[in-house]
Amino acid sequence: MTRAVKCGPLVIGGGAKISVQSMTNTDTRDCEATGAQIARLFESGCDLVRVSVFDEKCVPHLRKYQEDAPGPLSADIHFDARLAVAAVENGFAALRINPGNIGSESEVERVVDCCKAHGTPIRIGVNSGSLEKDILNAHGGVTAEGMVESALRHVRILEKRGFEDIVISLKSTDLRTTVDAYRRMAKMCGYPLHVGMTEAGLPGEGSIRSAIGIGALLLDGIGDTIRVSLTGDPALEAPLGISILKALGLRGGFRLIACPTCGRTRLDTAAIAARVEEAFRDEKRDITVAVMGCVVNGPGEARGADVALCGGVDCGALYIGGEYREKLTGDVAEKFIARVRRVLDERDR
Ligand code: SF4
């Protein structure tokens, strides 16, 4: 098990629930836009939100960002120890820096002392695009070994100063290299790992790449916190991250099973499934619901569902806990949604 690291109220690693992150893409110097986007990202399901802090003009807003945010914020900083110290002193719950390029020895010392005093963890984020020249030369380009070597170099800088509240990420534009790097790192140290595919692309392709990469690692038991990185609206990222976790049984809530439909289909499965999903999108209680097109294979294929609807001629057959209950006619989707709600409410009593 990885080491537990605290980011404000959020625990990363140590067997804690796998958290989901995203990052703002507004100009951090624009207080109104960034504050609004931070709120929106937490609403979209984030457990932690990262914010770039890239110049002095960002600093006056940092305290307000963290005070107004419903969860922990992490400051993403490159090459400037003063900004890192400012973020911690203004209450940010975490830093994402690479200690090897944050400044001189004394500046690293200052950042580490400040993090120790405030109990603020540091994520070391190695990215294939910014690997050190000597590592690139030694490995003949970007390799998983080189990325791990780079991360460990940064880790040692912190460990030398007695600092161990560390999270590590190793992101490459190549999916296989990224997965390989995380697998190697997981064998070499016990620090929690922030898993994600960088520059995954636009939502369509990017979701697939992220699901494959993050999913492969999570199936190996690797990953304590995840980020799906997409080009575009960051509010799309957390829902996808949560879907990946749900698909692997690593997060509860509402889960929809729907058959692919075929010649036997007797219900507008796609339309009903869409209405059911819309109705329970934000449901936090655990429930698996199935919408199946026919009563021939539907009941068997939906056996694992708590509540299932299987299409008959002008009707839907309702199953609860695998048992047939009743025939739904008229607005089948609406009646089915009402039955699912009833099952959830009865459980709560
Ligand atoms: Fe076809 Fe029925 Fe299977 Fe749906 S559940 S794919 S309608 S056989």
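Whatever order the structure lists them in is the order used to number ligands and atoms, beginning at 1. We count residues from 1, following the sequence as given. Values below: every heavy atom of this structure, side chains too, minus hydrogens, waters and symmetry copies.
- Put simply, part of Thr261 is less than 4.0 Å from ligand 1, judged by heavy atoms.
- Less than 4.0 angstrom separates some heavy atom of Thr265 from each of these atoms of ligand 1: 7 (S).
- Nearest protein heavy-atom neighbour of atom 8 (S) of ligand 1: Asn297 ND2, 3.3 Å.
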| query | Between Thr34 and Thr24, is a side chain to side chain donor-acceptor pair (under 3.5 Å) present by the stated rule, with each step listed? | reply | CA-CA 7 Å; Thr34 303; Thr24 55; 5.8 Å; no

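- Annotation: Glu334, atom CD; neighbour count of heavy atoms from other residues, nucleotides and ligands within 6.0 Å does not exceed 12.
- Applying the 4.0 Å criterion to heavy atoms of Gly293 picks out, from ligand 1, the atoms 4 (Fe), 7 (S).
- From the protein, the heavy atom lying nearest to atom 4 (Fe) of ligand 1 is Cys259 SG, 2.4 Å.
- Of all atoms in ligand 1, numbered sequentially from 1 with element shown, those under 4.0 Å from a heavy atom of Cys262 are 1 (Fe), 6 (S), 7 (S), 8 (S).
- Taken to the nearest 0.5 Å, the CD atom of Glu132 stands 4.5 Å off from the NE2 atom of His154.
- Note that CD1 of Ile214 and CD1 of Ile18 are 10.5 Å apart. Values are rounded to the nearest 0.5 Å.
- Looking at Glu301 against ligand 1, only its side chain comes within 4.0 Å, counting heavy atoms.
- Close contacts between ligand 1 and Arg264 involve ligand atoms 8 (S) [criterion: under 4.0 Å to a heavy atom].
- Checked by atom type, the side-chain pair Ser22/Arg227 shows no donor-acceptor distance below 3.5 Å.
- To the nearest 0.5 Å, the span separating CD on Glu326 from OH on Tyr319 amounts to 12.0 Å.
- Near Gly298, with a cut-off below 4.0 Å to any heavy atom, the atoms of ligand 1 are 5 (S).
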| Stepwise, does the side chain to side chain donor-acceptor pair (under 3.5 Å) test hold for Glu107 with Ser104? | CA-CA 5 Å; Glu107 284 172 317; Ser104 64; 3.3 Å; yes

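- With hydrogens left out, the protein atom closest to atom 2 (Fe) of ligand 1 is Cys294 SG, 2.3 Å, a heavy atom.
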